[in-house]
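These notes concern the structure reproduced below.
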There are 2 protein chains.
Amino acid sequence: MSKKPALAPQAASLGAGSERVGAGKLDADFELIELLFFAYRDFVGEPDRLLAVHGFGRAHHRVLHFVNRHQGLTVAELLEILEITKQSLARVLKDLINAGFIEQRAGDEDRRQRRLYLTAQGEVLAYALAGMQGQRMARALAEAGAADRPVIKRFLEALIDPERRATALAKA
Amino acid sequence: MSKKPALAPQAASLGAGSERVGAGKLDADFELIELLFFAYRDFVGEPDRLLAVHGFGRAHHRVLHFVNRHQGLTVAELLEILEITKQSLARVLKDLINAGFIEQRAGDEDRRQRRLYLTAQGEVLAYALAGMQGQRMARALAEAGAADRPVIKRFLEALIDPERRATALAKA
DNA sequence: AAAATTACGTCAACGTTATTGACATATTTC
DNA sequence: GAAATATGTCAATAACGTTGACGTAATTTT
């Protein structure tokens with residue numbers, strides 16, 4: 001029950017009732033959709049090149065990032081953030097542990113848990129990666145207008161599925 | 001009742017810009033960095049589910065999108081936008097052609113070229129996908145403040161590598 | 001204390017998207 | 001006619017993800 005300015009592709013036969021298509025053809029904001037695609041590609045592309053030096057990929061980056069942000073988190077918590085399976089996590093986590101970027105320590109209260117921490121080496125890499133994205137983000141914020149950070153924040157939050165929004169923010 | 005161990009052990013969440021930083025480590029805006037990660041994940045996740053119905057993936061989406069936006073483009077042009085190899089493109093393009101979503105026609109001037117067009121069926125799918133992302137984008141824009149579209153646009157543009165920016169905009 | 005559950009690890013098979021390298025086939029241009 | 005161009009294709013490989021099944025240690029329940 002929201003009004004949607006229809007946008008006809010080339011719709012030859014529009015005569016009949018409600019020949020709707022898929023999720024509805026609203027006037028999709030192609031410009032911003034594409035901008036987001038290109039923006040994200042470059043946003044992760046730069047760190048990718050540094051990661052490749054160590055033989056790592058994007059998945060390793062995500063693990064490094066969230067372990068850095070929440071040192072001592074459990075494997076279960078990390079899986080919940082990343083929304084991947086434990087088998088997927090296992091491979092990259094093993095790489096990072098073997099290479100000495102992350103270490104595990106059994107939980108104090110619950111010794112089944114493997115809490116994750118960055119090593120000194122891991123912090124170096126995590127900060128280097130964060131630096132790249134941080135600088136890019138800072139530049140973007142400056143060009144948008146530094147005072148508009150709240151606008152950007154609301155925009156990005158609203159892009160997230162409502163159910164997940166609270167979770168994402170809590171982690172952030 | 002399950003005893004839920006406290007999340008985010010050490011990381012006290014802090015507001016906008018200022019993280020404690022050692023000498024040399026810059027002040028990465030972790031909040032926006034993560035928000036962009038979660039936002040993009042959900043932004044592409046919803047279309048993914050529709051694509052899966054047809055046995056397609058994200059790569060097919062990108063091809064559908066850009067062929068829709070630039071009907072009649074050549075394979076070379078598409079490769080330039082996507083920045084992938086022709087072998088990578090070949091597989092998804094073949095899928096889309098075989099399934100009747102995209103068709104090729106030899107160029108008028110240069111008959112070596114295979115210009116790409118959406119079929120009627122292809123347009124249906126492309127618009128359904130665009131509708132999903134368009135609605136999400138519209139919602140995000142509304143929550144950010146519709147008047148702030150220029151801010152968002154500048155922000156996203158500035159996230160793109162400077163060299164690529166012109167190209168991305170031209171295509172958009 | 002036995003039984004069940006939880007937290008995690010791991011082996012195996014497989015799918016999607018990307019890569020590099022090499023080679024084939026038209027078509028256009030010099 | 002030779003060279004360059006636009007595209008297609010075969011083959012091998014890598015990164016990242018999935019599902020399914022099973023194992024083990026630690027904790028909780030009964």
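Numbers restart at 1 for each chain; the letters A, B, ... are given by sequence-line order, proteins then strands. Side chains included, hydrogens not; waters and symmetry mates left out as well; all remaining heavy atoms used.
Between A:T85 and D:dG17 there is no side-chain polar atom (N or O) within less than 4.0 angstrom of OP1 or OP2. Distances shown here put a side-chain N or O of A:S88 below 4.0 Å from the OP1 or OP2 atom of D:dT18.
Atom CG in B:L79 sits roughly 13 Å away from atom P in C:dT20 (whole-Å rounding). Rounded to a whole Å, the CG atom of B:L89 is 13 Å from the C1' atom of D:dA6. In this entry the distance linking CZ of B:R115 with P of D:dA6 reads 11 Å, nearest Å. In this structure, A:R91 places its CZ atom 10 Å from C1' of D:dA14, rounding to the nearest Å. Summarising the geometry, the separation between CZ on B:R105 and P on D:dA6 is reported as 20 Å, rounded to the nearest angstrom. In this structure, A:D95 places its CG atom 9 Å from P of D:dA15, rounding to the nearest Å.
Along DNA chain D, the nucleotide nearest B:L93 and the nucleotide nearest A:V92 are compared for position; the residue whose nucleotide lies closer to the 5' end is B:L93.
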Report all side-chain donor-acceptor pairs from residues 138-148 of chain A shorter than 3.5 Å, counting only partners two or more places apart or in another chain.
from   : atom 1 : to     : atom 2 : distance (Å)
A:R139 : NE     : B:A158 : O      : 3.1
A:R139 : NH2    : B:A158 : O      : 2.6
A:R139 : NH2    : B:I160 : O      : 3.3

Solution key, residues 99-107 of chain A side-chain donor-acceptor pairs under 3.5 Å, sequence neighbours excluded:
from   : atom 1 : to     : atom 2 : distance (Å)
A:E103 : OE2    : A:R105 : NH1    : 2.7

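Using a 4.0 Å cut-off between charged nitrogen and carboxylate oxygen, B:E157 and B:R165 do not count as a salt-bridge pair.
Residues passing the salt bridge (Lys or Arg N to Asp or Glu O under 4.0 Å) test with A:D29 are B:R149, sequence neighbours excluded. Residues passing the side-chain hydrogen bond (donor to acceptor under 3.5 Å, both in side chains) test with A:H65, sequence neighbours excluded: B:E34. With sequence neighbours left out, B:R58 forms a salt bridge (Lys or Arg N to Asp or Glu O under 4.0 Å) with B:D48. For A:D95, there are no salt bridge (Lys or Arg N to Asp or Glu O under 4.0 Å) partners at least two apart in sequence or on another chain. Take B:T119 and apply the side-chain hydrogen bond (donor to acceptor under 3.5 Å, both in side chains) test, not counting sequence neighbours, and it matches no residue. Remark: A:E46 pairs with A:R49, A:M132, A:R136 by the side-chain contact (heavy atoms from CB on, under 4.5 Å) rule, at least two apart or across chains.
Here salt bridge (charged side-chain N to carboxylate O under 4.0 Å, His left out) pairs that include residues 111-122 of chain B, with residues two or more places apart or in two chains, are B:D110-B:R112.
Within residues 40-65 of chain A, no residue places a heavy atom under 4.0 Å from DNA chain C.
Considering only the side chain of B:A76, D:dT7 comes nearest among D:dC22, D:dC16, D:dT7. In this structure, the nucleotide among C:dA7, C:dG9, D:dT18 sitting nearest to the side chain of A:Q113 is C:dA7.
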Polar pairs (N or O, both sides) under 3.5 Å between protein and nucleotides 26-30 of chain C?
from   : atom 1 : to     : atom 2 : distance (Å)
C:dT27 : O2     : B:R112 : NH1    : 3.4
C:dT28 : OP1    : B:R111 : N      : 3.0

Is there any protein nitrogen or oxygen under 3.5 Å from a nitrogen or oxygen in nucleotides 11-13 of chain C, and what are the pairs?
none

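Of all the heavy atoms in B:L78 and B:V67, the pair that sits closest is CD2-CG2, 4.2 Å.
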